[in-house]
A.B. asks: 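Here you go, one structure.
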Amino acid sequence: MAVKKTIGISEQYIWLLIILGLSLAARLWLYRPQVLLSDASAYILMGKYIFSSGQAGLIEPLRPLAWPLMLGFAGWVGLDPVFLGSVLNISFSLGSITLVYLIACELFDAKAGLLAAMFLALSPANFFWGNCLCSEVPACFFGLLAFYLYVREHDGWAGALVVFSFFVNFIQIIVVAFVGLGLLFEVTRFKKYRRYVWFLTGGAAVTLVFLLFQWSLYADPFYPFVHGKAIYNQVSYNWYEGFIRAAFDVLKVEHAALTLAPLGIWYVLRGRGRMEVIVLALIALCFFIWIGKFSTSSVRYAILVLPYAYIFSAVGFLRMFQSVNDRDIVFRIWLAFMIMSAFPLYKIITVKFSTDKPDAFQSFAMNNEGALKSKRIWVSSPRELVLTNLKADQMMYYPVFNAKRARDLRASLSGADVLFLDTGNLVCVPADDSACLPAKARLIGDIENNFKAVQYNKDGHGEIRAIYERKK
């Protein structure tokens, strides 16, 4: 890229600190206890299960273990995993902003670095999920850190961290693949085979640790991959959005600068730059394709691609106006992009940053935790036990709810003492399974015949939210 570096080293770091400081101040000012989503609740409960040797929480084998281990360790040492998880995610979000700046400076220049950091700092999705305990934020941070170390030729650490990011969120296989292939091309071309040995050594060490951990939990080190793939094939197509719809969902909540990313990628690929830049572009493109083709929550998974995309947005912006000598015009155009981002950012912040209180299920579990300790508990969502140290003996929603799952639950209903039932979470997969709804109705009928309702609510759509205890 033919843009000269005109920002001094001390000045650029001052601007970076200002961006980080304002972003941190905004997050702390807007911070409120969050509604814990099912995925976040599952990670917390998996951490409790691991550190209690199976006496509390639950385990979902299709999920990677790194993030549950971090959250579980917090609870094990006496810290609140919800609060510490929020602190970690805010820290990882700020770390991602810093890494975007450093990567852009290495591959392009300081202007691109500061502009990309500013775009990401103002990202509505980054605010939306920055205080959530889902795994995309830490996975993105470790993936970016691995890519930065790869650019700086710290290959052992790059291999270790890129594999670690994969065990935080399996979608990071995209980063693992392209960093590995990019490095392989470079070492083959320049005969620097030692670099690849270090990269493989770091990656293999982390892989071995997690495979041993998975073997100890599931008696099969590869069970999460095989099991997860089979489940994902059923779930993803049940809620498949389509590429155009997924792209629109992301664009309508992000600011206008994101539309410049394809332009930046086109400039870079047309110029046939250094291998690291090509790898960066391929990662961004593949994340976009994956979100459109497979994702069931496109805005949330956009967290994984936005840092890479905004680097190219900055490149596209600078290349577009590099021949404009009037700095005032460029500033006005930049300001227009920032103003256009204000509404989606405001809208998403006011919706997401709202105070959360325990719902009726969570309050019942917390208030009766002592009495429920000896009970065999079935849940229809991990949210129901997340604020307690209770163990879920059966997850009615897992791995997927269909006619077969409903029949299996009916057959083993004698193994339950207490049920937290939210029929809205028992969604038939696939949606066109004609046998599922009748099987679900029979399951509910058996529950009502053999259990008494401690709490009961039925909404206008016919969905039941109730807590049942076995009849004596």
Side-chain angles (χ1 to χ4, degrees), residues 35-42 45 57-62 227 230-239 296 358-369 371-388 390-472:
V35 174
L36 287 171
L37 303 179
S38 293
D39 285 349
S41 300
L45 289 173
L58 54 79
I59 197 74
E60 293 185 7
L62 65 82
H227 176 66
I231 301 307
Y232 186 78
N233 286 339
Q234 299 179 62
V235 173
S236 62
Y237 290 104
N238 198 56
W239 289 290
T296 59
D359 63 21
F361 280 12
Q362 293 169 338
S363 296
F364 181 87
M366 293 167 66
N367 295 334
N368 298 277
E369 185 170 354
L372 293 173
K373 270 288 187 183
S374 59
K375 304 292 186 181
R376 296 167 296 177
I377 302 172
W378 287 21
V379 297
S380 53
S381 167
R383 293 189 69 248
E384 294 151 6
L385 301 183
V386 68
L387 302 180
T388 72
L390 296 172
K391 178 185 176 181
D393 291 273
Q394 186 71 264
M395 299 167 287
M396 290 183 277
Y397 61 91
Y398 186 87
V400 292
F401 190 82
N402 51 28
K404 181 181 183 304
R405 181 61 176 158
R407 290 193 295 268
D408 291 343
L409 290 172
R410 288 182 66 202
S412 57
L413 201 55
S414 59
D417 296 319
V418 178
L419 293 95
F420 290 80
L421 178 66
D422 184 347
T423 58
N425 289 324
L426 303 181
V427 180
C428 291
V429 178
D432 59 355
D433 182 359
S434 59
C436 181
L437 288 178
K440 180 178 176 180
R442 288 191 288 271
L443 171 64
I444 295 171
D446 284 358
I447 291 172
E448 292 178 339
N449 290 334
N450 293 282
F451 295 79
K452 64 177 181 179
V454 180
Q455 290 184 15
Y456 187 90
N457 180 61
K458 192 172 186 178
D459 65 21
H461 301 287
E463 300 293 355
I464 298 171
R465 277 181 57 85
I467 300 173
Y468 291 94
E469 289 183 347
R470 178 169 291 281
K471 292 178 181 179
K472 297 181 179 178

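The structure displayed is predicted, hence computed values, not measured ones.
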A.B. asks: Starting at CG of Asn402, measure out to NZ of Lys440 and round the result to the nearest 0.5 Å.
C.D. replies: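 NZ of Lys440 is found 12.0 Å from CG of Asn402.
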
A.B. asks: Can you sort out the partners of Arg407 under salt bridge (charged side-chain N to carboxylate O under 4.0 Å, His left out), two or more places apart, ordered by chain and number?
C.D. replies: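 Partners of Arg407 under the salt bridge (charged side-chain N to carboxylate O under 4.0 Å, His left out) test: none.
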
A.B. asks: Assess the residue pair Glu384 and Ile377 against the criterion (side chain to side chain contact (heavy atoms under 4.5 Å, CB included)); give the C-alpha distance rounded to whole Å, side-chain angles, the decisive distance to 0.1 Å, and a yes or no.
C.D. replies: CA-CA 11 Å; Glu384 294 151 6; Ile377 302 172; over 6 Å; no

A.B. asks: Side chains of Met395 and Leu45: does their closest heavy-atom pair fall under 4.5 Å?
C.D. replies: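 Contact flag for Met395/Leu45 side chains = no.
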
A.B. asks: Can you name the residues that form a side chain to side chain donor-acceptor pair (under 3.5 Å) with Ser41, not counting sequence neighbours?
C.D. replies: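 Partners of Ser41 under the side chain to side chain donor-acceptor pair (under 3.5 Å) test: none.
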
A.B. asks: Check Leu385 against Ala365 and note the closest heavy-atom contact, atom names and distance.
C.D. replies: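 Scanning both residues completely, I find the closest heavy atoms to be CD2-CB, 4.2 Å.
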
A.B. asks: Nearest 0.5 Å, please: how far is CD1 in Ile59 from NZ in Lys391?
C.D. replies: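 Result: 11.0 Å between the selected atoms.
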
A.B. asks: Which residues pass the side chain to side chain donor-acceptor pair (under 3.5 Å) test with Arg410, not counting sequence neighbours?
C.D. replies: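 Checked Arg410 against side chain to side chain donor-acceptor pair (under 3.5 Å); matches are Asp446.
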
A.B. asks: For Leu426 and Leu421, run side chain to side chain contact (heavy atoms under 4.5 Å, CB included): C-alpha distance rounded to whole Å, both residues' side-chain angles, the deciding distance at 0.1 Å, then the answer.
C.D. replies: CA-CA 9 Å; Leu426 303 181; Leu421 178 66; 3.8 Å; yes

A.B. asks: Quick one: list whatever passes ring-ring contact (aromatic ring centres under 6.0 Å, His included) with Phe401, sequence neighbours left out.
C.D. replies: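 Testing Phe401 for ring-ring contact (aromatic ring centres under 6.0 Å, His included), a comparison that skips the adjacent residues, returns none.
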
A.B. asks: Looking at Phe361 and Phe420, what are the two nearest heavy atoms and their distance?
C.D. replies: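 Distance-wise, the nearest heavy atoms are O-CE2, 3.7 Å.
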
A.B. asks: Is there a side chain to side chain contact (heavy atoms under 4.5 Å, CB included) between Glu369 and Leu390 once you walk through the steps?
C.D. replies: CA-CA 7 Å; Glu369 185 170 354; Leu390 296 172; 3.8 Å; yes

A.B. asks: Quick one: list whatever passes side chain to side chain donor-acceptor pair (under 3.5 Å) with Thr423, sequence neighbours left out.
C.D. replies: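 If we apply the side chain to side chain donor-acceptor pair (under 3.5 Å) test to Thr423, skipping adjacent residues, the hits are Glu463.
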
A.B. asks: Using the side chain to side chain donor-acceptor pair (under 3.5 Å) criterion, which residues pair with Asp422? Sequence neighbours excluded.
C.D. replies: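 So Asp422 forms a side chain to side chain donor-acceptor pair (under 3.5 Å) with Asn425, Arg465.
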
A.B. asks: Scan residues 428-453 for pairs that pass ring-ring contact (aromatic ring centres under 6.0 Å, His included), counting only residues two or more places apart or in two chains.
C.D. replies: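 Qualifying pairs, neighbours excluded: none.
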
A.B. asks: State which residues pass salt bridge (charged side-chain N to carboxylate O under 4.0 Å, His left out) with Arg376; sequence neighbours excluded, sorted by chain then number.
C.D. replies: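 With sequence neighbours excluded, Arg376 shows a salt bridge (charged side-chain N to carboxylate O under 4.0 Å, His left out) to Asp417, given in chain and number order.
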
A.B. asks: Under the side chain to side chain donor-acceptor pair (under 3.5 Å) rule, what pairs show up with a residue in residues 452-462, not counting sequence neighbours?
C.D. replies: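 Counting only pairs at least two positions apart or across chains, no side chain to side chain donor-acceptor pair (under 3.5 Å) contact touches residues 452-462.
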
A.B. asks: Do you know the tightest heavy-atom contact between Ser374 and Ala371?
C.D. replies: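 Heavy atoms only, the tightest pair is OG-O, 3.8 Å.
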
A.B. asks: Among residues at least two apart in sequence or on other chains, which ones pass salt bridge (charged side-chain N to carboxylate O under 4.0 Å, His left out) with Lys404?
C.D. replies: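 Once residues adjacent in sequence are excluded, the partners of Lys404 under the salt bridge (charged side-chain N to carboxylate O under 4.0 Å, His left out) criterion are Asp408.
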
A.B. asks: To the nearest 0.5 angstrom, please state how far the OG atom of Ser363 sits from the CD1 atom of Ile467.
C.D. replies: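 If we round to the nearest 0.5 Å, Ser363:OG and Ile467:CD1 are 9.0 Å apart.
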
A.B. asks: What residues, two or more places apart in sequence or in another chain, satisfy ring-ring contact (aromatic ring centres under 6.0 Å, His included) together with Tyr398?
C.D. replies: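 Here the qualifying residues are His227.
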
A.B. asks: Does Gln362 reach the main-chain N or O of Asp359 with its side chain, forming a donor-acceptor pair under 3.5 Å?
C.D. replies: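 Pair found, side chain donor or acceptor close to backbone of Asp359.
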
A.B. asks: Nearest 0.5 Å, what's the CD-CG distance between Gln394 and Leu419?
C.D. replies: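 Output value for this atom pair is 9.5 Å.
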
A.B. asks: If you take all heavy atoms of Pro382 and Ser38, which pair is closest and at what distance?
C.D. replies: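 Looking at all heavy atoms of both residues, the shortest contact is CG-O, 3.2 Å.
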
A.B. asks: What distance do Ile447 atom CD1 and Arg470 atom CZ have between them, rounded to the nearest 0.5 Å?
C.D. replies: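 Answer for the CD1-CZ pair, Ile447 versus Arg470, is 10.5 Å.
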
A.B. asks: Going from CG on Leu36 to OG on Ser381, what distance comes out if it is rounded to the nearest 0.5 angstrom?
C.D. replies: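 Between Leu36 CG and Ser381 OG, I get 10.5 Å after rounding to 0.5 Å.
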
A.B. asks: Sequence neighbours excluded, which residues qualify as ring-ring contact (aromatic ring centres under 6.0 Å, His included) partners of Tyr468?
C.D. replies: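 Here no residue qualifies.
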
